[in-house]
Amino acid sequence: VTANSIGNEFYNVSVDEYGQVVVEWKKQKDMELTQSFHYYDAMEGNNEEFRNRSSGAYIFRPKNTSARNFVNSASYEVHTGPLVEEIHQCVTDWICQVIRVYSGMEYVEFDWLVGPIPVKDKIGKEVVTRYYSNLNSSGEFYTDSNGREMLKRKRNYRPTWNLELEEPISGNYYPVTSKISLKDDEKLLKLSLLTDRAEGGTSMRDGEIEMMIHRRLLKDDAFGVGEALNESAFGEGLVVRGSHYIIGGSIQNLDELAVKEKTLARQLLLRPWTFIQSIEKNSSAPTP
Amino acid sequence: EKQLEHFREAMGVMQHHDAVTGTEKQLVAYDYARILYDGMQQGTNIAADAIRKWRSTGNSNFAPEQMHTCMQLNISTCLYTEDKDFVLAIYNPLSQKVVSPIRVPVQNGKYNVIDLADGNELTSQIVPIPNSVREIPGRKSTSTHELVFLASLPPLGYKTYTVKRSSENISPQV
């Protein structure tokens with residue numbers, strides 16, 4: 001198909017010249033976001049010194065405060081149909097994703113596939129995806145607490161002491177069991193991301209949600225496991241596949257959006273169970 | 001009860017902080033995977049028994065040994081759907097009605113999805129599995145596409161669908 005965008009009643013999704021995915025809300029004209037992949041080089045330290053430990057299974061310690069970009073523009077193809085429209089995109093030969101909108105469903109699915117993370121350069125890498133919206137979130141974001149209440153997080157801040165962060169990235173990372181949200185109190189807009197598994201996440205810039213999706217590290221962080229986080233399968237690093245679901249809109253009617261988010265969360269966490277029975281050849285299928 | 005015990009034990013073990021956060025040693029991770037897989041298999045037997053009881057018609061098409069689950073759907077792989085016609089029994093664990101997208105790995109072609117409750121054919125769509133997924137190391141599958149349809153499921157209940165490939169309409173594989 002020669003189209004360069006997909007959409008349904010709620011969203012229009014396209015890929016821009018830099019390979020970033022652009023999501024535009026159809027009903028909420030003043031709301032949009034771009035999505036992209038990045039990675040941090042992992043710290044390889046001297047574990048004898050407390051402030052110089054390696055990034056490992058227990059701790060996330062990027063070497064630099066800025067994540068690396070992927071230089072090549074991503075290749076992609078578009079598949080459309082009556083039920084679902086998909087963009088199949090590859091950012092590198094080890095990061096690909098499917099962006100998906102279903103007819104009548106008020107969310108955008110990002111089905112990402114990362115790995116095996118290359119480590120021939122002897123540098124561990126921690127891969128993140130960023131959703132950068134035009135919301136002014138004023139340094140605040142919300143993460144869930146084991147799928148229960150949402151807790152307010154404030155960038156570079158702790159509620160009970162004056163904070164001076166020596167590790168500005170990892171010091172702002174929080175557990176995301178199933179949901180992370182941003183709000184714009186002036187525009188009265190809200191953006192939420194639901195996950196299919198527990199991940200780490202943050203908001204390092206206003207309007208941005210950053211999620212860590214895969215890590216491959218070559219050094220033990222000396223906190224107890226005694227092994228580097230360097231799993232291999234079939235002689236290569238692990239490949240990870242997972243999904244993010246983006247939902248958002250106006251909070252003028254907060255109850256309506258909350259119900260939509262809750263309903264989606266329940267459907268994701270308690271998905272239908274599929275059982276399969278083969279039909280043997282020459283046998284008639286069960287009749288209604 | 002005995003089959004459920006495996007699952008209970010797995011859920012108990014998986015509450016250790018190393019299992020929750022992934023800070024276990026690699027050999028322990030393999031053992032956790034083994035325990036979970038075992039628990040899931042036993043759970044499948046229980047669920048298959050339950051659905052067989054629900055089908056009070058006594059239809060032998062759903063004998064427990066013939067019902068399967070696919071634990072590799074996350075890499076778009078399922079031995080039982082890739083090259084055969086099949087019946088799907090889909091259970092909704094929510095106490096609300098849902099309309100949920102169902103994706104099943106198949107080979108390229110044209111398929112008919114029939115709702116067995118009313119005999120109506122559902123709108124379905126074939127979507128290619130991306131090369132990045134098909135080339136995952138260790139993935140062994142003949143499926144090249146996914147069959148997609150929207151299942152409308154009752155609360156805490158199930159529906160069955162037959163999926164048949166209409167061979168006269170197979171489109172050429174690129």
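Chain A is the first sequence line, chain B the second, and so forth, proteins listed ahead of strands; every chain is numbered from 1. This is a predicted model, so every value here is computed, not measured.
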**Prompt:** When only pairs under 4.5 Å are counted, which of A:Met105, A:Glu227, A:Gln97 shares the most heavy-atom pairs with chain B?
**Reply:** A:Glu227

**Message:** Would you say that more than 12 heavy atoms from the other residues, nucleotides or ligands in this model lie under 6.0 Å from the NZ of A:Lys262, or not?
**Reply:** no

**Item:** Portion of B:Ser76 that has a non-hydrogen atom of chain A nearer than 4.5 angstrom
**Value:** both

**Message:** Determine whether B:Val148 and A:Tyr102 satisfy the following criterion, side chain to side chain contact (heavy atoms under 4.5 Å, CB included), listing intermediate values before the conclusion.
**Reply:** CA-CA 10 Å; B:Val148 185; A:Tyr102 288 98; 3.9 Å; yes

**Which atoms of B:Glu24 approach chain A - backbone, side chain, both or neither, heavy atom under 4.5 Å** = backbone

**Request:** Nearest 0.5 Å please: distance from the CD atom of A:Gln277 over to the OG1 atom of B:Thr162.
**Result:** 10.5 Å

**Message:** Assess the residue pair B:Val127 and A:His88 against the criterion (side chain to side chain contact (heavy atoms under 4.5 Å, CB included)); give the C-alpha distance rounded to whole Å, side-chain angles, the decisive distance to 0.1 Å, and a yes or no.
**Reply:** CA-CA 11 Å; B:Val127 182; A:His88 295 194; 4.2 Å; yes

**Request:** Please tell me if the side chains of B:Val87 and A:Ile276 come closer than 4.5 Å, counting only heavy atoms from C-beta onward.
**Result:** no

**Item:** Under 4.5 Å from any heavy atom of chain B - which part of A:Arg266
**Value:** both

**Asked** Any donor and acceptor pair, going by atom type alone, linking the side chain of A:Glu236 with main-chain N or O of B:Pro137 inside 3.5 Å?
**Response** no

**Message:** One thing to verify: whether B:Arg103 and A:Glu86 come together as a salt bridge, which I'm taking to mean a side-chain N less than 4.0 angstrom from a carboxylate O.
**Reply:** yes

**Prompt:** Just how far is it from atom OG of B:Ser132 to atom CD1 of A:Ile95, taken to the nearest 0.5 Å?
**Reply:** 11.5 Å

**Message:** Which heavy atom of A:Val98 sits nearest to which heavy atom of B:Pro130, and what is that distance?
**Reply:** CG2-CG, 3.5 Å

**Prompt:** Could you walk me through whether B:Gln26 and A:Asn230 pass the side chain to side chain contact (heavy atoms under 4.5 Å, CB included) check?
**Reply:** CA-CA 9 Å; B:Gln26 189 62 50; A:Asn230 182 16; over 6 Å; no

**Request:** Heavy atoms only: give me the nearest B:Ser124-A:Pro82 pair and the separation to one decimal.
**Result:** O-CG, 4.4 Å

**Request:** Locate the shortest heavy-atom distance separating B:Tyr80 from A:Ser278; write the atom from each residue and the value.
**Result:** O-OG, 3.9 Å

**Item:** Contacting region of B:Tyr161 [heavy-atom separation from chain A under 4.5 Å]
**Value:** neither

**Prompt:** Which bit of B:Val104 is near chain A, if near means a heavy-atom gap under 4.5 Å: side chain, backbone, both or neither?
**Reply:** neither

**Complete:** The reported gap from CG in A:Leu83 to CG in B:Leu150 (rounded to nearest 0.5 angstrom) is 5.0 Å

**Fill in**
Honestly, the part of A:Arg100 sitting under 4.5 Å from a heavy atom of chain B is side chain

**Fill in**
Applying a strict 4.5 Å limit to non-hydrogen atoms, the region of A:Leu113 in contact with chain B is side chain

**Prompt:** Can you tell me how far the CD atom of A:Glu77 sits from the CG atom of B:Asn131, to the nearest 0.5 Å?
**Reply:** 7.5 Å

**Item:** Criterion side chain to side chain contact (heavy atoms under 4.5 Å, CB included) on B:Thr69 and A:Phe275, from CA distance to verdict
**Value:** CA-CA 5 Å; B:Thr69 54; A:Phe275 300 93; 3.5 Å; yes

**Message:** Heavy-atom cut-off 4.5 Å, strictly under: side chain, backbone, both or neither for A:Val225 against chain B?
**Reply:** both

**Asked** So how far is it from A:Ser243 OG to B:Asn74 CG, rounded to the nearest 0.5 Å?
**Response** 10.0 Å

**Request:** Under 4.5 Å heavy-atom distance to chain A, tell me which part of B:Thr21 shows up: side chain, backbone, both or neither.
**Result:** neither

**Request:** Examine distances only and state if a side-chain atom of B:Gln125 and a backbone atom of A:Val84 form a donor-acceptor pair shorter than 3.5 Å.
**Result:** yes

**Asked** Is the count of non-hydrogen atoms from other residues, nucleotides or ligands lying under 6.0 Å from B:Gln41 atom CD greater than 12?
**Response** yes

**Request:** Could you grab the distance from atom CZ of A:Arg271 to atom CD1 of B:Ile90, nearest 0.5 Å is fine?
**Result:** 13.5 Å

**Over 12 foreign heavy atoms within 6.0 Å of CE, B:Met71** = yes

**Prompt:** Counting only heavy atoms not in B:Met40, do more than 12 fall under 6.0 Å of its CE?
**Reply:** no

**Option that, when pairs with chain B are counted at under 4.5 Å, heavy atom only, ranks first among A:Ala57, A:Gly81, A:Cys96** = A:Gly81

**Request:** Under 4.5 Å, counting heavy-atom pairs only, tell me which of B:Ile102, B:Leu153, B:Val133 racks up the most with chain A.
**Result:** B:Val133

**Prompt:** Where does A:Thr177 contact chain B at under 4.5 Å (heavy atoms): side chain, backbone, both or neither?
**Reply:** neither

